[in-house]
Amino acid sequence: EKGLKSLERISPADRQVILDRNTVYIVNEQSGKQYKVYVGETNNIQKRTLQHLKDKDDVLQQIKDGYLYVIGDSEFQKSMTLDIENELINYFLALPGDVQVLNGRGNPQGSYAGSELKDQIFKETLKELNSREPELFPEYGRVLNSTLFKASPFKTLSDQQKKVKSDILALVSNTIKDDGDSKLITVAGAAGTGKTVLLSSLFYEVATAEFGKQVAGRKLKVAMIVNHDEQRTVYSAVTKRLKAAFGEEPVVFKPTEYLNVYMKKQEQFDVVLVDEAHLVWTQGHMAAWTKKHFKMFGTENQLKALAKTAKITIAIFDPKQILRADQSWDEDAIADLIQGSDVTYSLTQQYRIQANEQTRDWIDSFVAGDLKPIPHDFKYDLRVFDNAKAMFEAIQMRDNEIGLSRLLATFDWDYKLKRRIDGEPWMVTAGNLVKPWNLQTPGRNKSLTWSEDPVTIDEVGSTFTIQGLDLN
């Protein structure tokens, strides 16, 4: 209320931008090292603030002594403010530290008049906010490299992703409303085709009370299954920061952990989402699979077992990826998975590699065993080294300049999670370069993914620690 009164004292020029046009607003409260944050947009900041204050069920009732930032710009219109609101939610989700985002949903927009100015206005807005409160608003560059920023459920989807998401949500809705037979939905896509962004968006949507109320008259029982520690870190952080949607109960599990929970309660889930389903389809690493599991589910295939626990199972997979030597993933297994699905969608657009067509063709050809001359590409820096130490030094330099740069290797050097008998770390040796394999450096920050932790610049990463993540 004090903030509202202060708005009456602003200059006529500011009044025109703040009180007479669309604005974006941020409400935040700090308690020790924890922040609670809410982002909104409105065409009447005074009226909207009073609505928040008077509604006893409003999410902002959780904030007792907060601050209100009101952001105005002469370029703001409805679509622009919705986009800036959405970008700020993505930004807060990815902040380091303990930040809870109280928003119920984002509002990503497509193309509209003036949309080309959005990025510039957003960066200028953050620069101004950083100058006023740097602890809450760190520099954008620090946040941009965050895995949470890239995996936000509020990311703007491509037309292809929107179509797949819409089709899947319709199938989920119809199956639950009509109490139809259980469904297995699969989504296939190569690395970098936006599988994680789509799955994160679906995960959030089906977990919201609003969606559950529409399809079942209640909040749906939802779980995310990951077989990969790095991705579990990401999804767990997303659910922690979006408690308003996901609640307090754990919803992110490893496959066997989830199946053990199910075996105890034997309560069917409405929707189970499986990230990188090829990691739970393959038959290696089954030490945790017991006779009890087989008796309960009648299969040694974890994905088939997962599908028996839910009304809808949504499984994302990459037909070309295996991450351990004990996994098997061949054309028969892929055909079996697709044949066992009620519907399969494909993601084909490439987002991870910002390269021209010639470079993409070179990479695809190289993977297929055909070595072509390296193409010229002003957008993508592709180099071949004959000195591994020189390559590492070049990567170090890029990490200092733009961050998120790491050395990776294939599984051509021995490595186990446990240290060697002599207590020394497992090493990668290539000519004059000697570096430890990933996950062995003391002092790792386990709240970060491997690629984000500063200490891992001196390690060699694998397909397992970089799975599903981006590097610059």
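The environment of CG in Asp386 is sparse: at most 12 heavy-atom neighbours from other residues, nucleotides or ligands sit within 6.0 Å. In the displayed structure, Lys78 atom NZ is contacted under 6.0 Å by more than 12 heavy atoms of other residues, nucleotides or ligands. By the neighbour-count criterion of 12 heavy atoms within 6.0 Å, atom CZ of Phe366 is sparsely surrounded, having that number or fewer from other residues, nucleotides or ligands. Glu135 CD: 12 or fewer foreign heavy atoms inside a 6.0 Å radius. Within 6.0 Å of NZ in Lys240 there are 12 or fewer heavy atoms belonging to other residues, nucleotides or ligands.
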(request) Carefully, step by step, assess Met224 and Phe246 under the rule side-chain contact (heavy atoms from CB on, under 4.5 Å). (result) CA-CA 11 Å; Met224 170 69 79; Phe246 292 104; over 6 Å; no

(message) salt bridge (charged side-chain N to carboxylate O under 4.0 Å, His left out), that's the test. Do Lys183 and Asp342 meet it? Break it down for me.
(response) CA-CA 6 Å; Lys183 298 281 192 301; Asp342 292 278; 5.4 Å; no

(message) Would Thr348 and Gln160 count as a side-chain hydrogen bond (donor to acceptor under 3.5 Å, both in side chains) here? Give the steps.
(response) CA-CA 8 Å; Thr348 56; Gln160 186 181 57; 2.9 Å; yes

(request) Begin from the C-alpha positions of Asp412 and Thr410 and carry the test side-chain hydrogen bond (donor to acceptor under 3.5 Å, both in side chains) through to its verdict. (result) CA-CA 6 Å; Asp412 292 288; Thr410 51; 2.4 Å; yes

(request) Apply side-chain hydrogen bond (donor to acceptor under 3.5 Å, both in side chains) to the pair Glu230 and Thr465, showing each step before the final yes or no. (result) CA-CA 7 Å; Glu230 304 299 310; Thr465 44; over 6 Å; no

(request) Take Tyr112 and Asp83 through the side-chain contact (heavy atoms from CB on, under 4.5 Å) test and state the conclusion after the steps. (result) CA-CA 10 Å; Tyr112 51 87; Asp83 245 354; 2.9 Å; yes

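Screening residues 162-173 for salt bridge (Lys or Arg N to Asp or Glu O under 4.0 Å) gives Lys163-Asp167, Lys165-Glu205 as the qualifying pairs, with residues at least two apart or on separate chains.
Tyr415 has its side chain within reach of Leu439: a pair of non-hydrogen atoms, C-beta onward, lies under 4.5 Å apart. Counting heavy atoms from C-beta on, the side chains of Val226 and Val234 never come closer than 4.5 Å. Counting only heavy atoms from C-beta outward, the side chains of Leu148 and Val238 approach each other to under 4.5 Å. Counting only heavy atoms from C-beta outward, the side chains of Thr441 and Asp453 never approach each other to under 4.5 Å. Taking the side chain as every heavy atom from C-beta outward, Leu306 and Leu259 approach each other to under 4.5 Å. Looking only at side-chain heavy atoms (C-beta outward), Pro153 and Leu242 come within less than 4.5 Å of each other.
Aromatic ring centroids of Tyr258 and Phe269 lie under 6.0 Å apart. Aromatic pair Phe464/Phe411: centroids not less than 6.0 angstrom apart.
At a threshold of 4.0 Å, the pair Arg398-Asp381 does not count as salt-bridged, since none of the basic side-chain nitrogens sits closer than that to a carboxylate oxygen. Salt bridge annotation for Asp275-Lys195: absent, with no cationic side-chain nitrogen under 4.0 angstrom from a carboxylate oxygen.
For Glu133, the side-chain hydrogen bond (donor to acceptor under 3.5 Å, both in side chains) criterion is met by Tyr69, not counting sequence neighbours.
In terms of modelled atom types and a separation under 3.5 Å, the side chain of Asp377 and the main chain of Thr359 share no donor-acceptor contact. Looking at Thr456, its side chain never comes within 3.5 Å of a backbone N or O of Glu459 through a donor-acceptor pair. The main-chain N or O of Ser462 is found under 3.5 Å from a side-chain atom of Asn438 such that the two form a donor-acceptor pair. The main-chain N or O of Ser236 is found under 3.5 Å from a side-chain atom of Thr239 such that the two form a donor-acceptor pair. Put simply, the side chain of Asp399 gets close to the backbone of Leu404: a donor and an acceptor are under 3.5 Å apart. A donor-acceptor distance shorter than 3.5 angstrom exists from the side chain of Gln440 to the backbone of Trp426, with no hydrogens or angles considered. Side chain of Arg21 to main chain of Ser74: a donor-acceptor pair is present (N/O by atom type, distance under 3.5 Å, no hydrogens or angles). Without hydrogens or angle criteria, Trp362 side chain to Lys372 main chain gives a donor-acceptor distance under 3.5 Å. Side-chain atoms of Trp413 come within 3.5 Å of backbone N or O of Thr429 as a donor-acceptor pair. The closest donor-acceptor contact from the side chain of Thr309 to the backbone of Ala305 lies at 3.5 Å or more, if one exists at all.
For the atom pair NZ (Lys123) and CG (Asn130), the distance works out to 14.5 Å, reported to the nearest 0.5 Å. Here the CZ-OG1 distance, from Phe76 to Thr23, works out to 8.0 Å after rounding to the nearest 0.5 Å.
In plain terms, the two heavy atoms of Asn145 and Gly403 that are nearest each other are ND2-CA, 3.9 Å. For Glu452 against Ser146, the heavy-atom pair with the smallest separation is OE2-CA, 3.2 Å. Contact between Ala151 and Thr196 at its shortest, heavy atoms only, is CB-CG2, 4.3 Å.
The aromatic rings of Tyr91 and Tyr140 sit tilted relative to each other, their planes meeting at an angle between 30° and 60°.
A cation-pi contact, defined as under 6.0 Å to the ring centre and within 45° of the axis, links Lys155 to Phe149.
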